[in-house]
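Okay, structure first, notes after.
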2 protein chains.
Amino acid sequence: MVRTIDELARLSGVSRATVSRVINGGSVSDKTRRRVEHIVAETGYRPNLAARTLASGRSGVVGVVMHVDPHLLFRDAYFGQLLQGMSDELVDLAAGMMLWLGNRTKEQTLDKVLSSGLVDGVIVTAHYRDDPLVDGLLASDLPTVLVGHRRHDRTASYVDVDHVHAADSVTSHLIQIGRTRIAHITGMRGTVAAEDRIVGYRRAMARAGLPCDDLMIDGDFNAPSGATGAAVLLDRHCDAIFCANDSTAMGALETIRARGLAVPGDVALAGFDDLDFAARLDPPLTTVRQGVRDQGAEAARTLFQLMADRDGTPRRVILPTELVIRQSTVGGVLRP
Amino acid sequence: MVRTIDELARLSGVSRATVSRVINGGSVSDKTRRRVEHIVAETGYRPNLAARTLASGRSGVVGVVMHVDPHLLFRDAYFGQLLQGMSDELVDLAAGMMLWLGNRTKEQTLDKVLSSGLVDGVIVTAHYRDDPLVDGLLASDLPTVLVGHRRHDRTASYVDVDHVHAADSVTSHLIQIGRTRIAHITGMRGTVAAEDRIVGYRRAMARAGLPCDDLMIDGDFNAPSGATGAAVLLDRHCDAIFCANDSTAMGALETIRARGLAVPGDVALAGFDDLDFAARLDPPLTTVRQGVRDQGAEAARTLFQLMADRDGTPRRVILPTELVIRQSTVGGVLRP
DNA sequence: GGTACTTTTGGAAGCGCTTCCATTCTTGGA
DNA sequence: TCCAAGAATGGAAGCGCTTCCAAAAGTACC
């Protein structure tokens with residue numbers, strides 16, 4: 001079994017340096033290149049990644065950091081889809097992907113990521129307004145791309161959607177179908193997505209001259225918070241609920257049904273994300289589609305651009321969202 | 001900034017070898033150890049993982065391979081939960097976790113995993129009866145733990161549940177509540193989980209003397225296959241459907257509802273997995289709970305045992321499952 | 001054929017660490 | 001007090017690769 005570049009060099013009758021050039025695309029004569037490549041193919045030689053990393057200072061591996069509360073992570077398919085989008089893109093660009101989930105404090109996670117020294121760049125989910133992990137990565141010299149962003153990240157590269165606009169459009173839709181007591185179950189407070197969706201909701205309500213102060217309940221992006229939130233809001237006689245995501249809406253739906261109320265007859269319901277199950281609820285859920293896999297893929301592409309020209313300007317990508325109207329707000333209409 | 005072990009050695013007035021011993025727990029006098037550790041803490045020195053890997057032959061990184069059809073992966077929370085379970089356990093044991101999803105052919109994935117040379121062991125999901133990727137990993141000298149297993153993996157280490165038994169128990173439950181035309185929408189054919197659940201289903205039906213040949217429809221673990229499968233089965237006048245997983249059941253429920261049939265009145269419905277959403281369907285779904293996160297965690301532990309004593313005997317873990325009875329089979333009863 | 005390039009190649013240093021081996025320092029028992 | 005055995009330490013080799021630099025080979029033009 002040919003294990004080292006030296007053996008390969010001996011076998012092909014050239015120097016180790018030349019073999020290295022063949023493998024890494026250096027300048028080598030066609031004749032030599034063909035000969036060496038033939039031997040490589042024949043022997044199934046694979047360069048040792050650790051040695052390569054040590055010698056060159058880059059590993060071809062990118063890090064993915066999803067430091068998220070276990071109660072939020074992987075409860076629905078959101079983070080999985082994000083991961084898959086990244087992986088789809090990275091398969092051609094990178095040697096691999098190191099994944100860190102949030103099992104400890106953010107400081108410890110940061111420590112692990114930075115100390116490993118074997119990633120060339122990182123993609124990190126930046127959901128919280130206040131996040132030492134994100135701050136630490138941005139402050140390091142590791143190329144970093146955020147999924148999500150904070151308004152004060154002036155020099156950061158990120159991929160995100162316009163939560164304010166999207167929330168405004170859902171709320172406006174609810175207004176347009178004639179609802180006036182439109183409630184909102186928020187996402188986890190302190191996250192940008194939650195806060196921005198609140199802003200969008202308030203904006204649309206204010207524009208229509210509708211009050212909303214007693215119609216907001218804090219949730220946490222999970223179904224149980226939707227169920228308990230809806231209980232309170234129904235007592236306050238709302239006629240529509242815009243939930244911060246689809247899982248929350250699923251929880252709300254449970255409560256609404258338990259009260260014997262009709263959707264959308266008594267209460268219209270809307271979510272956010274458009275995960276697979278949204279279309280399969282009864283009734284199918286009106287929601288905002290944000291291409292989660294696309295966001296992951298875009299983050300990966302952005303990271304590689306960043307790594308290609310270091311200290312270039314930050315790259316910021318805002319992906320489009322789409323309001324998907326289904327029977328939970330416009331009942332009786334055939335599914336689109 | 002102290003970057004190398006040599007600087008650290010100079011600073012603490014000992015040799016590089018001694019510093020290395022301090023860091024790796026070699027035999028060093030208490031006095032020296034304290035002094036060096038103090039300097040380490042003070043300077044925030046972190047050993048370079050690539051150099052360490054190259055010199056020692058181990059990286060502390062483990063690989064996780066989930067080569068699964070994109071239509072299956074991350075559609076529901078199953079794989080995410082698995083990942084989270086592994087991560088929970090690995091955080092203390094490993095320097096990191098490399099993740100490979102199935103973006104290319106299995107051969108290419110195998111190639112990437114083996115060639116990287118920077119994982120000390122791998123956990124791989126082994127769902128298919130026929131899987132060159134799993135075969136390749138088992139044949140390599142990399143310690144490997146399977147999540148799931150094939151009956152012919154005599155020397156492999158794995159973590160799995162008893163699908164046959166679990167499926168038998170669900171089916172028996174349906175029989176016990178008086179159903180006689182009990183249908184089954186299978187999982188993706190060729191996967192062990194699907195085939196074994198079929199065996200369990202048939203076994204229970206045979207024991208009760210019930211026919212089942214015209215009551216099986218192939219599905220693929222996804223909701224759409226549940227919806228189309230149920231359409232066929234309802235035409236064949238079934239009075240219960242056991243679906244190969246919860247997502248499939250969700251799809252089936254959609255069809256049942258569209259026909260104006262009652263669950264469980266007209267058709268009892270059961271799933272498998274007990275993901276979060278199962279309890280939130282209307283009606284809540286009877287299903288088999290398999291602790292997916294536990295499986296992930298157990299796989300990680302098993303891998304480390306395997307790495308600790310190489311060429312030991314294979315380790316095989318069968319985790320328990322639990323039949324969770326909800327209103328989709330026993331309507332009217334208060335939710336547990 | 002000779003000069004002045006350009007392209008291709010090999011030698012050698014070095015990336016930061018672990019670990020073997022030999023040397024020095026301790027310790028305890030005779 | 002002295003010696004042997006054991007513990008602690010330092011020196012040095014080497015893990016497998018990239019890359020700088022200089023030397024060799026090829027090419028174009030006069």
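Chain A is the first sequence line, chain B the second, and so forth, proteins listed ahead of strands; every chain is numbered from 1. Excluded from the calculations below are hydrogen atoms, water molecules and symmetry mates; all remaining heavy atoms, backbone and side chain alike, are included.
A salt bridge is absent between K106(B) and D135(B): the closest approach of a Lys/Arg side-chain nitrogen to an acidic carboxylate oxygen does not fall below 4.0 angstrom.
Using a 4.0 Å cutoff on non-hydrogen atoms, the parts of residues 53-63 of chain A near DNA chain C are L54(A), A55(A), ordered by number. Of the residues in residues 19-30 of chain A, those lying under 4.0 Å from DNA chain C by heavy-atom distance are R21(A), S27(A), V28(A), S29(A).
When all heavy atoms of I39(A) and S12(A) are compared, the pair lying nearest together is CG1-CB, 3.9 Å.
One interatomic measurement links the two molecules: CG of D6(B) to C1' of dC15(C), which rounds to 11 Å at whole-angstrom precision. The distance from atom CZ of R52(B) to atom P of dG16(C) is 15 Å, rounded to the nearest whole Å. Distance R10(B) CZ to dT9(D) P: 20 Å, rounded to the nearest Å. What separates CG of L49(B) from P of dC15(C) is a distance of 18 Å, to the nearest Å. At whole-Å resolution of the value, CG in L118(B) and C1' in dG16(D) are 13 Å apart. Between the OH atom of Y45(B) and the P atom of dG16(C) there is a distance of 10 Å, given to the nearest Å. The distance between atom CZ of R35(B) and atom P of dT9(D), rounded to the nearest whole Å, is 8 Å. In this structure, I5(B) places its CD1 atom 18 Å from P of dA13(D), rounding to the nearest Å.
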### Task
Could you walk me through whether L118(B) and M98(B) pass side chain to side chain contact (heavy atoms under 4.5 Å, CB included), step by step?
CA-CA 9 Å; L118(B) 47 62; M98(B) 293 223 38; 3.4 Å; yes

### Query
Given E7(A) and T4(A), is the side chain to side chain contact (heavy atoms under 4.5 Å, CB included) satisfied, shown in steps?
CA-CA 6 Å; E7(A) 294 179 64; T4(A) 73; 3.6 Å; yes

### Query
Are T32(A) and R21(A) close enough, and set up right, to give a side chain to side chain contact (heavy atoms under 4.5 Å, CB included), and what steps lead you there?
CA-CA 10 Å; T32(A) 311; R21(A) 278 184 212 104; over 6 Å; no

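Contact annotation: T4(B) does not reach the phosphate of dC15(C) (side-chain N/O to OP1 or OP2, under 4.0 Å). Residue S15(A) has no polar side-chain atom (N or O) positioned under 4.0 Å from OP1 or OP2 of dG11(C).
Checked against the 6.0 Å centroid criterion, the rings of F79(B) and H127(B) qualify as a close aromatic pair.
Here the OG atom belonging to S59(A) is positioned 12.0 Å from the CG atom belonging to L54(A), to the nearest 0.5 angstrom.
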Set out, line by line, the N/O atom pairs under 3.5 Å between protein and nucleotides 24-26 of chain D.
none

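For the side-chain hydrogen bond (donor to acceptor under 3.5 Å, both in side chains) test, residues two or more places apart in sequence or in another chain that qualify with H67(B) are T109(B). Residues passing the side chain to side chain contact (heavy atoms under 4.5 Å, CB included) test with R129(A), sequence neighbours excluded: V192(A), E195(A).
Counting only heavy atoms from C-beta outward, the side chains of Q108(A) and V91(B) never approach each other to under 4.5 Å.
For residues 78-97 of chain A, every residue pair satisfying the side chain to side chain donor-acceptor pair (under 3.5 Å) rule, not counting sequence neighbours, is listed here: S87(A)-N103(B), D88(A)-R293(A), D88(A)-N103(B), E89(A)-R301(A), D92(A)-R104(B).
Of the candidate nucleotides dT18(C), dA12(C), dT18(D), dA12(C) has the atom lying nearest to any side-chain atom of A17(A).
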